[in-house]
Amino acid sequence: MKPIYISGESLQGESYKLFISCLFEKSNIFSYEVLKDFDVIHDTDDKKYFDKILKSEKIFNNFYKKKSVDERNKLKSFVYLNNSAVKQYLKSAESIYHWNYPNNIENLCFYKNDVCVFESVTHEDYFVFYSGDKIEIDRLKEYGLKSI
């Protein structure tokens, strides 16, 4: 599959919401990372961050495929996508940039049978959609998404 690098500025508003719907059609697993250590709360932003993480944990609670801790001792969670609660939660944001510390969960990724179809590292402005399908690529343009 061909990597298509997407401009983060185009992943906002209605384009963002349409793209999230597209990702739900194309994938069956969603993952995100929490990049802040859970046992360290320094300030009000940290408290708000953890409150939002706990909210998402409750929403996603029954849909875990697995949870794991990476080499940096950060929590990474994988969630089944076949439910409307997760989709509505992700579509509640107005931009891909919402998913970044201290706002919420980070580094959204979508998979179809363990093959990545979209990966992001928000704080690095890294957004990649994988496709070999010209129809899908044209569909992204119809949503107003721009490649870089």
Side-chain angles (χ1 to χ4, degrees), residues 1-38 45 48-148:
M1 291 197 294
K2 176 183 172 185
I4 300 162
Y5 298 89
I6 299 173
S7 162
E9 285 77 35
S10 66
L11 283 169
Q12 299 188 46
E14 190 60 26
S15 294
Y16 164 77
K17 293 178 189 311
L18 289 168
F19 185 60
I20 291 295
S21 292
C22 171
L23 291 172
F24 271 78
E25 291 171 19
K26 187 175 171 67
S27 64
N28 62 347
I29 296 173
F30 161 69
S31 75
Y32 66 88
E33 289 183 310
V34 176
L35 296 181
K36 189 87 174 149
D37 291 319
F38 266 100
D45 279 345
K48 288 178 189 174
Y49 180 64
F50 291 120
D51 288 347
K52 288 183 180 184
I53 296 299
L54 291 173
K55 177 184 175 192
S56 69
E57 292 284 330
K58 288 177 187 169
I59 291 169
F60 299 160
N61 192 35
N62 297 321
F63 306 108
Y64 283 118
K65 181 176 182 184
K66 65 180 178 177
K67 285 185 181 181
S68 63
V69 176
D70 70 10
E71 67 281 353
R72 299 167 297 164
N73 201 29
K74 307 292 189 241
L75 177 69
K76 184 180 275 189
S77 300
F78 294 86
V79 182
Y80 286 114
L81 280 179
N82 56 353
N83 66 85
S84 60
V86 177
K87 183 177 180 181
Q88 286 310 112
Y89 184 73
L90 293 180
K91 288 178 80 173
S92 69
E94 287 298 318
S95 166
I96 192 73
Y97 291 111
H98 175 84
W99 309 111
N100 200 8
Y101 177 82
N103 293 316
N104 222 305
I105 60 179
E106 304 180 77
N107 301 345
L108 309 182
C109 294
F110 293 80
Y111 303 86
K112 177 68 174 189
N113 301 328
D114 297 325
V115 175
C116 186
V117 296
F118 175 75
E119 61 180 320
S120 69
V121 181
T122 310
H123 68 277
E124 296 286 341
D125 285 326
Y126 179 80
F127 310 103
V128 182
F129 180 74
Y130 295 94
S131 179
D133 186 336
K134 183 171 175 9
I135 294 170
E136 280 183 344
I137 294 167
D138 290 342
R139 190 175 177 194
L140 297 179
K141 291 176 186 172
E142 288 174 16
Y143 294 160
L145 300 181
K146 296 182 173 86
S147 56
I148 51 174

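Just so it is clear, the structure is predicted and the values come from calculations on it, not from any experiment. Excluded from the calculations below are hydrogen atoms, water molecules and symmetry mates; all remaining heavy atoms, backbone and side chain alike, are included.
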Assess whether side-chain contact (heavy atoms from CB on, under 4.5 Å) is satisfied between D114 and I29, documenting all intermediate values. CA-CA 8 Å; D114 297 325; I29 296 173; 4.1 Å; yes
Inter-residue atom distance L23.CG - L90.CG, 0.5 Å rounding: 9.0 Å
If you apply the rule salt bridge (charged side-chain N to carboxylate O under 4.0 Å, His left out), what do you find for K134 with D138, and how did you get there? CA-CA 6 Å; K134 183 171 175 9; D138 290 342; 3.1 Å; yes
To check you understand the geometry: which heavy-atom pair defines the closest contact between S10 and S7, and what is its length? OG-O, 2.8 Å
Are side-chain heavy atoms of Y89 and I20 found at a separation under 4.5 Å? no
Does the pair R139/E25 count as a salt bridge with the N-to-O cut at 4.0 Å? yes
Non-hydrogen atoms of S56 and I105 that approach each other most closely: OG-CG2, 3.7 Å
Near K52 NZ, under 6.0 Å, is it more than 12 heavy atoms from other residues, nucleotides or ligands? yes
Compare all side-chain heavy atoms of F19 with those of L145 and state whether any distance is below 4.5 angstrom. yes
Rounded distance [0.5 Å steps], OG in S120 versus CZ in F110: 8.0 Å
If you define the side chain from C-beta out and look only at heavy atoms, does anything of M1 sit under 4.5 Å from S131? no
Answer yes if the ring centres of W99 and F30 are under 6.0 angstrom apart, and no otherwise. no
If I compare all heavy atoms of Y130 with all of C116, which pair ends up nearest, and what's the gap? CD1-O, 3.6 Å
Given salt bridge (charged side-chain N to carboxylate O under 4.0 Å, His left out), test K26 with E136 step by step and report yes or no. CA-CA 10 Å; K26 187 175 171 67; E136 280 183 344; 2.9 Å; yes
Looking at the rings of F129 and F118, which for Trp means the six-membered one, are their centres under 6.0 Å apart? no
Evaluate the ring planes of Y97 and F127, with Trp represented by its six-membered ring, and classify them as parallel (under 30°), tilted (30 to 60°) or perpendicular (over 60°). perpendicular
Would you compute the distance between atom OH of Y16 and atom CD1 of I96 and round it to the nearest 0.5 angstrom? 5.5 Å
Heavy atoms of V117 and S27 approach each other most closely as CG2-CB, 3.9 Å
Can you tell me how far apart CD1 (I4) and NZ (K141) are? Round to the nearest 0.5 Å. 8.5 Å
Could you measure the distance from the SG atom of C22 to the NZ atom of K17? Nearest 0.5 Å is fine. 15.5 Å
Looking only at the side chains, is there a donor atom on one of Y143 and E14 sitting less than 3.5 Å from an acceptor on the other? no
Test your reading of the model: is there a side-chain donor-acceptor pair from Q12 to the backbone of E9, 3.5 Å cut-off? yes
Hey, does the side chain of S15 reach the backbone of L11 with a donor-acceptor pair shorter than 3.5 angstrom? no
Spacing of I137 atom CD1 and E142 atom CD [to the nearest 0.5 Å]: 12.5 Å
Looking just at side-chain N and O atoms, do E106 and Y49 make a donor-acceptor pair shorter than 3.5 Å? yes
Would you check if there is a donor-acceptor pair between the side chains of K91 and S21 at a distance under 3.5 Å? yes
Compute whether any side-chain donor of one residue and acceptor of the other, for D125 and Y5, lie under 3.5 angstrom apart. no
